[in-house]
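To start, the structure itself, in structure tokens.
None of the values given here were measured: they were computed from a predicted structure.
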Amino acid sequence: MGKPFSKELFKISSTMQWALGLDVDDIRQNMQITSDKPLYIVGSGGSLSACYFAAQLYQNLGMMAKAITPLELYYSRNALKRSNVLFISASGKNTDILFAYKTAIHSEPNRIYSICMVKNSPLSILASESSICCHYEFENPAGKDGFLATNSLVAFFSILANSINVAKPQKENIVVEDRFNTELDSFFNKIYPDTTFTVLHAGWGQPVAIDIESKLAEAALGNVLISDYRNFGHGRHHWFDKRINNSAIIALVTPEEKLIAEKTLSLLPASIPILMIESCVKSSLASLDLLQKSFLFVERLGSMQNIDPGRPGVPDFGSKLYHLKYQRFYDTKEKLESTRQKIAIVRKADIPYYDFLGKSEKEFWQAALSKFIKKLNSAKFGTIVFDYDGTICSAKNRTTGIDDIISESINRILDHGLIIGIATGRGKSVRTDLKKKIAERHWNQVVIGYYNCSDFGSLDEDEIPNVTLQVNPILAEIYEKLKQQHFTAIIHPELKPHQIVIESDNKENWKKVRVSIIQYLIGLNIPSIQILESNHSMDIIDQTTTNKLNILDYCRNIAIKNQLPKDCLCIGDKGKWPGNDYQLLSSEYSLSVDEVTSLPESCWNFAPPGVKNIEGTLYYLSCLVFEKNTLTFKLQ
């Protein structure tokens, strides 16, 4: 099993060059958008050192991150809901990573990312089934690793260095100097096959220390203790007082810890063999430099032990341990597959997990949930009102219109003679896009509430929205004040007759100025002004004239005229203030495909775990039951 380690090392330079040249802007942008939440980074075996590197990078951005194993993730599952999770797996198919991934999905973290070194892995299939997952896969030209993680690890370090940074790190000349091979010769002349190594590290050296321990343990090359430079001074140095004859130090050094490393080592007995693995690189790429050099140490140690680190041989019990399907010890319906109702309550109460609630709180929410479901299941609807962006139109199709699978469902609803309402913050672009996807015979059954329902018209009314309407004077005054603020350098306010739309081309800039805009607007103290947000913009409205609830009365009147039930089923994604659906989803029969309010009478989310937005809407549409001129909703 495996490949010769020397052949693996031969490919390292080209792997690094390939990986550092990849376009990873999508990973960088997505992770920066969600970097306001803690990050758990999950990996097994050799990939775990890449997890520690990712944690260092994330913390370098000022955010909280922690590298954990798949089993640790299971025991951390109650902390995941308000965090992001990143999975790092070379193959994307081992038992541990797949079980951890399923656990994460059921815990519904803010976002799940995964990076693989092969395409079409089982992990990618799992990711495709959940709305909260972003999976990235690459085809490493070096191929599959031998027994130890080598080229995949270099690829992960390179991709992560380019991804989890405000900007790409400047390329450094990462080469192994001739003098390092000379230092290796000198070091190995002073150690023995049974030497115990203490690896000292700090900063960018930590992931490499983790990897040295991993490789020496996995290939049975030697005993390893690891410590940062200062924790070493808190008792760990005592090892060398009692076992100095067969102990040595490997010191990982970058420019930042050069002084503390030199001073620490100078205080130790001169007889202790010391190997300094040093990098002159000052950026995160120092880890890559140290990693490459540590591989040479591992190769040399393997030669001393007569073990090829790339194919050390695996005992029968080792294979059984690796393939152990341990999830059967944990994967119970009560622990992992919580009932749909419990999941809905966790979302509604905005808590990490169900048992966070006390007995009386559980009783309250269970009663509220039962009451809502009973009311929802017994209602007869003549209209369904949808939010647009994030509910029936995905972010990737924002410029092209609603997804085909959604338009098929909408046309089917319209075929039964029912009314569809669209409540959107957008203007005529929605009308243009919907006409491409909805059969012309149904256009008069589709009502669009433009600009947050300040103007209404059916899909066949091309003169709506009316852009010649007089601009709301309150909004005009706010617009002029906004243009004078410092944050208008990176945002683009646009004045409409009944709303101000604020957008930013840069998602990272939007995160920076969002709170400043809200605080400024609140400071104006204009009672009628309301702030509404979507994933991509902010709308400022005068709620005396603009409110998404207005569309309900408009649709009811049409439904009654057409002899349809007057009740409306409302579906949106941003039900929590300041989300732009919080008014619409305050209605009696309202469902969210993402954010919910804490109000028990409306705005519940019953979508399966990890399912949001378009996929959530499709789930709700699967619950519709059609009768003559009527539809009902039966929760699956």
Side-chain angles (χ1 to χ4, degrees), residues 34 36-38 40 64 73-85 102-112 130-133 332-377 387 390-391 532-533 535 569-613 615-617 619-620 623 633 635-636:
T34 57
D36 56 338
K37 290 181 169 55
Y40 288 92
M64 185 64 198
L73 178 134
Y74 179 82
Y75 286 101
S76 303
R77 64 192 183 282
N78 289 342
L80 300 184
K81 191 168 185 65
R82 295 169 181 170
S83 306
N84 298 312
V85 185
K102 293 174 185 176
T103 301
I105 289 173
H106 280 267
S107 298
E108 291 201 304
N110 178 66
R111 203 74 177 159
I112 299 175
S130 175
S131 313
I132 60 175
C133 300
T332 66
K333 287 189 176 182
E334 183 62 29
K335 289 183 178 179
L336 187 56
E337 297 180 1
S338 298
T339 66
R340 191 67 57 83
Q341 292 191 5
K342 285 183 179 179
I343 293 171
I345 289 173
V346 166
R347 292 165 174 166
K348 195 69 169 166
D350 194 20
I351 51 175
Y353 57 99
Y354 183 73
D355 286 333
F356 190 88
L357 296 170
K359 181 181 177 182
S360 60
E361 292 173 305
K362 288 179 181 177
E363 290 173 349
F364 168 80
W365 283 114
Q366 287 167 353
L369 176 62
S370 297
K371 182 178 179 181
F372 181 82
I373 291 176
K374 183 178 179 180
K375 177 181 68 175
L376 183 66
N377 286 344
D387 165 58
T391 303
L532 305 174
E533 286 189 89
N535 288 328
L569 176 63
C570 298
I571 301 176
D573 67 322
K574 296 293 182 184
K576 183 179 181 180
W577 188 88
N580 61 0
D581 295 324
Y582 94 95
Q583 293 171 322
L584 179 68
L585 299 189
S586 68
S587 59
E588 186 176 9
Y589 303 106
S590 53
L591 298 169
S592 176
V593 294
D594 191 0
E595 298 175 3
V596 298
T597 67
S598 59
L599 301 177
E601 300 87 5
S602 60
C603 192
W604 284 81
N605 184 343
F606 298 118
V611 172
K612 289 184 178 182
N613 300 108
E615 290 78 8
T617 300
Y619 168 73
Y620 290 145
C623 297
F633 186 91
L635 192 61
Q636 302 292 319

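With hydrogens and angles disregarded, a donor-acceptor distance shorter than 3.5 Å links the side chain of Thr617 to the backbone of Thr391. Side chain of Ser370 to backbone of Ala367: no donor-acceptor contact under 3.5 angstrom is found. Between the Arg347 side chain and the Ala344 main chain, no donor and acceptor come within less than 3.5 Å of each other. Between the side chain of Ser130 and the backbone N or O of Gly610, at least one donor-acceptor pair lies under 3.5 Å. Looking only at distances, no side-chain donor or acceptor of Lys81 sits under 3.5 Å from a matching main-chain atom of Asn110. Remark: side-chain polar atoms of Asp581 are paired, donor with acceptor, to backbone N or O of Asp573 under 3.5 angstrom. Ser592 contributes a side-chain N or O that, together with a main-chain N or O of Glu595, makes up a donor-acceptor pair within less than 3.5 Å. Using a distance-only test at 3.5 Å, with no hydrogens or angles considered, no donor-acceptor pair links the side chain of Ser587 to the main chain of Ser590.
The neighbour count for Lys371 NZ, taken as heavy atoms of other residues, nucleotides or ligands under 6.0 Å away, does not exceed 12.
Here the CD1 atom belonging to Ile343 is positioned 9.5 Å from the OG atom belonging to Ser107, to the nearest 0.5 angstrom. Annotation: the span from Phe372 atom CZ to Trp365 atom CH2 amounts to 12.0 Å, rounded to 0.5 Å. How far CD of Gln583 is from NZ of Lys574: 16.0 Å, rounded to the nearest 0.5 Å.
Summarising the geometry of Lys348 relative to Cys603, their closest heavy-atom pair is NZ-O, 2.8 Å, with the distance given to 0.1 Å. In terms of heavy-atom proximity, Gln341 sits nearest to Ile373 at NE2-CD1, 4.1 Å. Nearest heavy-atom pair, Leu584 versus Cys570, reported as atom, atom and distance to 0.1 Å: CD1-SG, 3.9 Å. Here the closest heavy-atom approach between residue Val593 and residue Gly616 is recorded as CG1-C, 3.6 Å. Nearest approach of Pro600 to Phe364, heavy atoms of both residues: CG-CZ, 4.0 Å.
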| message | The test is side-chain contact (heavy atoms from CB on, under 4.5 Å); show your working for Trp604 and Leu585 and say whether it passes. | response | CA-CA 9 Å; Trp604 284 81; Leu585 299 189; over 6 Å; no
| message | Under the criterion side-chain contact (heavy atoms from CB on, under 4.5 Å), I'd like the reasoning laid out for Glu361 against Ile351: C-alpha separation, chi angles, the key distance, then a yes or no. | response | CA-CA 12 Å; Glu361 292 173 305; Ile351 51 175; over 6 Å; no
| said: One pair to check against side-chain contact (heavy atoms from CB on, under 4.5 Å): Asn84 and Tyr40. What are the steps and the verdict? | reply: CA-CA 6 Å; Asn84 298 312; Tyr40 288 92; over 6 Å; no
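Leu369 is listed as a side-chain neighbour of Phe606, based on a closest heavy-atom distance under 4.5 Å. In this structure the side chain of Phe633 reaches within 4.5 angstrom of the side chain of Leu591, judged on heavy atoms. Inter-residue side-chain proximity for Glu108 and Val346 is flagged as unmet; no heavy-atom pair is nearer than 4.5 Å. For the pair Asn78/Asp355, no side-chain contact is recorded, criterion being any heavy-atom separation below 4.5 Å from C-beta on. Residues Glu588 and Ser602 fail the side-chain proximity criterion, which asks for heavy atoms closer than 4.5 Å. Put simply, the side chain of Thr597 does not reach to within 4.5 Å of the side chain of Ser586, judged on heavy atoms. Here the side chains of Leu376 and Leu635 are not in contact, with every heavy-atom distance at 4.5 Å or above.
Between Lys576 and Asp594 there is no salt bridge, since none of the side-chain N atoms of the basic residue sits less than 4.0 Å from a carboxylate O of the acidic one.
Ring geometry for Tyr353 versus Phe356: interplanar angle over 60°, hence perpendicular rather than tilted (30 to 60°).
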